[in-house]
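All figures in this text were calculated on a predicted structure; none of them were measured in a lab.
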Amino acid sequence: MTELTDLTLAGARDALRAGETTAAELTEAHLTAIEGAGALNAFVHHTPEIAREQAKAADARLQAGDAPAMCGIPIGVKDLFCTKGVASQAGSRILEGFRPEYESTITTQLFDAGAVMLGKLNMDEFAMGSSNETSTYGNAVNPWKAGNSDAALTPGGSSGGSAAAVAARLCLAALGTDTGGSIRQPAAFTGITGIKPTYGRCSRWGVVAFASSLDQAGPMTRTVRDSAIMLQAMSGHDPKDSTSADLAVPDFEAMLTGDVKGQVIGIPREYRMDGMPEEIEALWQDGIAMLKDAGAEIRDISLPHTKYALPAYYVIAPAEASSNLARYDGVRFGHRAALSQGDGITEMYEKTRAEGFGDEVQRRVMVGTYVLSAGFYDAYYNRARKVRTLIKKDFEDVFADGIDAILTPATPSSAFELGAMTDADPIQMYLNDVFTVTVNLAGLPGVAVPTGQDRRGLPLGLQLIGKPWQEGELLNVAHCLEDRAGFVARPAKWW
Amino acid sequence: MLDTQMPTPTPRVIAGEKHDWELVIGMEVHAQVASKAKLFSGASTRFGAEPNANVAFFDAGMPGMLPVINEYCVAQAVRTGLGLKAEIHLKSAFDRKNYFYPDLPQGYQISQLYEPIVGEGEVLVEMGDGTARVVRIERIHLEQDAGKSIHDMDPSMSFVDLNRTGVALMEIVSRPDIRGPEEAAAYVTKLRQIMRYLGTCDGNMQNGNLRADVNVSVCRPGQYEKYQETQDFSHLGTRCEIKNMNSLRFIQAAIDYEARRQIALIERGETVVQETRLYDADKGETRSMRSKEEAHDYRYFPDPDLLPLEIEQGWVDDIAASLPELPDAKKARFVGDFGLSDYDASVLTADTDAARFFEAVAEVSGNGKASANWVINNLFGKLKEDEKDIEESPMTPAQLGGILRLIEAGDISGKIAKELFEIVYAEGGDPAEVVEARGMKQVTDTGAIETAVDEIIAANPAQVEKARENPKLAGWFVGQVMKATGGKANPKAVNEIVAAKLGL
């Protein structure tokens with residue numbers, strides 16, 4: 001038998017059900033792996049007591065033959081999720097000391113399905129960032145290294161801790177969230193699979209909000225099948241979230257036939273960006289060839305408003321964030337600045353928020369406040385909403401024309417060095433989201449699958465975009481691509 | 001349009017040093033929705049609870065918490081809209097109004113700026129002197145109330161009570177159709193009356209369940225008519241908004257003060273600055289809260305946590321079908337069916353409890369007018385003395401109706417009826433039985449009356465002479481007969497017999 005930490009989620013599930021291992025053993029193996037992986041800075045709050053307790057309960061259920069798919073599966077949870085009694089800081093100093101008295105709907109569903117929580121995972125502050133460097137805990141580190149270089153690489157962001165932990169075998173799967181690419185970009189940077197479901201598929205209740213109309217949680221795993229299994233457990237209608245869809249959840253795993261014959265795959269010409277590295281172009285062509293070989297029909301398509309997506313995203317997301325983050329005021333929870341004699345409520349707000357929020361969060365709060373202010377609202381926010389409608393229509397049009405899924409690169413590059421962007425224009429960092437934001441703006445499901453490596457051996461991923469509520473169909477195409485690509489590389493352990 | 005035969009009231013005119021000025025007033029009335037739970041959370045709305053007892057995680061703005069609309073509050077807003085003959089919008093949407101304050105935990109208030117649930121309607125505001133004004137309603141929207149900051153409990157700290165945070169409010173916005181302080185008070189009174197009829201707001205101003213922001217401007221006579229023709233606000237003066245008043249008396253005093261302040265400014269050659277002002281009830285003046293330049297930029301935008309609110313016409317129709325009879329219709333019916341005066345009908349329809357009591361009395365007595373007189377003049381007076389509401393009345397409609405029936409049947413006189421009323425009010429019992437048991441029954445036996453009249457005539461020959469010369473003095477004999485029969489003789493019969501016997 002392979003090392004317990006090398007199992008896939010599906011493999012572990014089968015082994016548990018077959019009695020070949022126990023949830024307790026599986027949990028201990030991962031707790032040990034986490035202990036030795038401090039250098040990755042992926043886990044920022046450790047919950048071994050909860051994990052052991054949950055593992056014990058899972059073993060009892062397994063014994064009793066009542067074992068849902070996630071029963072006994074050790075997972076990591078992005079710090080953005082509110083977990084009862086456990087620090088939930090959204091990677092921010094302003095939520096220092098905050099331990100919610102409630103459990104998010106998604107973690108509740110996963111725990112009900114028997115999942116075991118190992119701890120909370122690092123992330124960019126309030127999910128704002130593409131490199132994990134805006135985290136109050138310091139960045140997580142990518143377990144991959146470029147060739148012989150010892151330089152520390154970013155695991156991507158904002159779900160960087162989740163990606164690093166799954167890639168480094170610290171957990172079998174992790175929860176991520178994706179507002180503009182925060183699951184898919186780090187998945188691609190670390191050679192794992194991550195899906196952002198259709199907006200409304202997974203409840204947002206108890207997930208710290210960044211941009212409410214774009215935020216969606218999703219699984220990050222080492223295989224497409226694992227994502228299907230975990231997504232199944234996370235999905236479903238939640239009456240506590242008014243934007244949650246009251247739709248039946250299909251059996252995603254059962255839909256993974258790998259058969260894509262007759263499927264029409266669109267290749268959007270607007271995603272062929274100027275200055276895109278050759279390696280990305282080659283990866284894309286390889287992906288096209290694989291799906292073609294598998295019997296899919298490849299069709300060139302146009303999504304004409306793509307070039308306006310990034311600017312629109314960087315108006316809408318900060319606008320919503322500026323309002324969502326107003327509640328962090330030092331009054332009721334989290335960090336409150338020490339005040340001087342004579343300071344009033346305004347000083348308390350200003351000092352607390354200046355100390356509690358990092359630079360990137362402050363930048364976006366200011367941008368968001370600006371674009372919503374009187375006199376600028378129509379020029380920025382309303383215009384961005386119109387662009388959003390057009391982008392959504394671009395997708396609706398191609399789907400109406402018979403396209404089943406769309407294949408694009410997941411990221412414009414492989415993982416870059418930590419610190420490389422420190423002095424760059426923030427826009428350079430925002431460009432990481434260029435292939436992924438359209439999906440959030442349109443509310444569609446999108447999945448990143450590792451399909452190759454660059455010449456320095458770093459993983460590269462492709463993105464598949466599906467129709468609303470067709471995560472099952474989408475994951476099936478991803479499964480085919482995964483199968484054909486045969487991506488088996490894994491980071492060499494250096495930590 | 002409301003069909004009113006009544007003439008419109010004369011606008012209030014204030015004489016300045018140089019000219020006459022008229023007032024133009026528009027109001028935003030904030031009415032707390034009568035509902036058990038808050039607008040977006042399940043927390044209780046009960047008044048007077050321990051501080052911070054009625055607070056859901058959502059109300060406290062905890063991270064990751066989301067709003068879920070309370071369907072009952074939506075129904076109440078629709079019900080109110082229908083009561084104001086307003087357009088109901090089947091699709092509306094919620095927006096966030098962003099500002100920082102400790103009693104606003106989310107840092108924004110969820111409101112409806114762009115797409116309110118209720119559109120244009122109107123209210124007939126009667127002034128009690130036979131005049132009435134139709135005030136147009138621009139819109140009604142649903143929004144969250146804020147909490148309460150308490151600054152006077154500790155020298156160095158402020159406290160926050162979130163019990164009221166998130167309670168549903170209806171903001172009822174009028175057009176600038178109100179033309180004086182009395183009209184403003186009458187308008188609020190009428191809205192309150194309609195909402196109490198509908199059961200959508202208890203109208204308790206003392207608890208802050210009904211509050212008003214008042215926009216006041218002044219203009220020269222004639223300008224308002226130009227505005228009415230064109231709906232162009234440039235014909236009107238610059239307005240100031242007086243915030244958050246919860247007393248009819250303060251509303252009137254504030255409007256009067258503010259109008260005079262503006263007139264003085266303009267006549268001195270200065271300009272009125274558009275701003276938000278507060279009324280200081282102790283000093284009886286308004287003062288600037290913030291100017292237009294300092295005004296908050298609320299950065300309204302659609303709340304992404306809530307989908308647009310879509311309701312079905314059938315649902316609205318069901319609510320419409322369940323509406324009670326409203327004050328205007330009830331009053332018209334009281335005038336038409338019972339022959340009541342306009343004034344009596346107004347008094348009896350002021351609230352539904354009084355109207356219900358009156359109708360029950362009228363049903364028992366079979367005499368609407370007499371029922372109205374007795375309810376208004378006798379019962380209300382008595383209840384007022386005892387500081388009781390109509391629903392606490394010790395006398396039932398059946399009892400009062402019974403007394404009136406005894407008068408109608410000629411069994412008791414009006415004077416005895418008053419005594420009977422006091423007895424039944426204080427001690428209870430069936431009026432007919434009380435009359436019987438206490439021998440209060442009126443004597444209508446003409447034989448008995450004739451005997452009494454004969455006796456008195458015989459005993460007072462001098463008076464008889466005088467009366468024959470001056471028939472007005474016959475009343476003395478009537479009085480003597482009533483006295484002799486202990487007030488139980490039928491006065492009509494006594495009058496006739498006295499006149500006949502004296503040969504008048």
Tyr199(A), part contacting chain B, at a heavy-atom distance under 4.5 Å: side chain
Checking Tyr328(A) against chain B: side chain, backbone, both or neither under 4.5 Å from a heavy atom? side chain
How about OH on Tyr279(B), more than 12 heavy atoms from neighbouring residues, nucleotides or ligands closer than 6.0 Å, or not? yes
Would the number of heavy atoms belonging to other residues, nucleotides or ligands and lying under 6.0 Å from CZ of Arg383(A) be above 12? no
Enter the distance from Lys240(A):NZ to Met65(B):CE here, rounded to the nearest 0.5 Å. 7.0 Å
If one checks every heavy atom of Asp305(B) against chain A at 4.5 Å, the contacting part turns out to be both
How far does OG of Ser213(A) sit from CG of Leu307(B), to the nearest 0.5 angstrom? 11.0 Å
Applying a strict 4.5 Å limit to non-hydrogen atoms, the region of Arg332(A) in contact with chain B is side chain
Using non-hydrogen atoms only, which part of Tyr300(B) is less than 4.5 Å away from chain A: side chain, backbone, both, or neither? backbone
Check whether any side-chain heavy atom of Tyr381(A) sits under 4.5 Å from a side-chain heavy atom of Pro302(B), and report yes or no. yes
Is it the side chain or the backbone of Phe81(A) that comes within 4.5 Å of chain B heavy atoms, both, or neither? neither
Kindly give the heavy-atom pair with the smallest separation between Pro67(B) and Ser242(A), and that separation in Å. O-OG, 2.9 Å
Heavy-atom pairs under 4.5 Å with chain A are the metric here; pick the option from Leu306(B), Leu104(B), Asn98(B) that has the most. Asn98(B)
Report which part of Pro100(A) has an atom under 4.5 Å of a heavy atom belonging to chain B: side chain, backbone, both, or neither. neither
For the NZ atom on Lys392(A), are there more than 12 heavy atoms of other groups (residues, nucleotides or ligands in this structure) within a distance under 6.0 Å? no
Could you measure the distance from the OH atom of Tyr377(A) to the CZ atom of Phe301(B)? Nearest 0.5 Å is fine. 8.0 Å
For Val207(A), is it the side chain, the backbone, both, or neither that has a heavy atom closer than 4.5 Å to a heavy atom of chain B? backbone
Chain B shares the most heavy-atom pairs under 4.5 Å, among Ala209(A), Gly375(A), Ala211(A), Ala374(A), with Ala374(A)
Donor-acceptor check, side chain of Arg327(A) to backbone of Met62(B), threshold 3.5 angstrom: yes or no? yes
Find the one option among Tyr298(B), Tyr101(B), Tyr99(B) whose heavy-atom pairs under 4.5 Å with chain A are most numerous. Tyr101(B)
Write down the atom of Phe333(A), the atom of Gly61(B), and the distance for their closest heavy-atom approach. CZ-O, 3.5 Å
Value rounded to 0.5 Å, distance of OH in Tyr102(A) from CZ in Phe58(B): 12.0 Å
Closest heavy-atom pair, Ser373(A) versus Asp297(B), reported as atoms and distance to 0.1 Å, is CB-OD2, 3.1 Å
More than 12 non-hydrogen atoms from neighbouring residues, nucleotides or ligands closer than 6.0 Å to CD on Glu101(A), yes or no? no
So which part of Ala319(A) gets closer than 4.5 Å to some heavy atom of chain B, the side chain, the backbone, both or neither? backbone
Hey, could you give me the CZ/OG distance between Arg299(B) and Ser322(A), rounded to the nearest 0.5 Å? 5.5 Å
Can you tell which part of Leu95(A) gets under 4.5 Å to a heavy atom of chain B, answering side chain, backbone, both or neither? side chain
Mark yes when over 12 heavy atoms from residues, nucleotides or ligands other than Gln231(B) sit less than 6.0 Å from its CD; otherwise mark no. yes
When the 4.5 angstrom heavy-atom criterion is applied to Asn324(A) and chain B, the contacting part is both
Kindly check if the number of other-residue, nucleotide or ligand heavy atoms within 6.0 Å of CD (Glu71(B)) is above 12? no
Which region of Phe100(B), side chain (C-beta onward) or backbone (N, CA, C, O), has a non-hydrogen atom less than 4.5 Å from a non-hydrogen atom of chain A, or is it both or neither? both
Checking Ser212(A) side chain against Asp303(B) main chain: does a donor-acceptor pair fall under 3.5 Å? no
Over 12 non-hydrogen atoms of neighbours within 6.0 angstrom of CZ in Arg239(B): no
What part of Ser104(A) is in contact with chain B, defined as an atom under 4.5 angstrom from a non-hydrogen atom: side chain, backbone, both or neither? neither
When rounded to the nearest 0.5 Å, the distance separating OG1 of Thr243(A) from CG of Leu66(B) is 7.0 Å
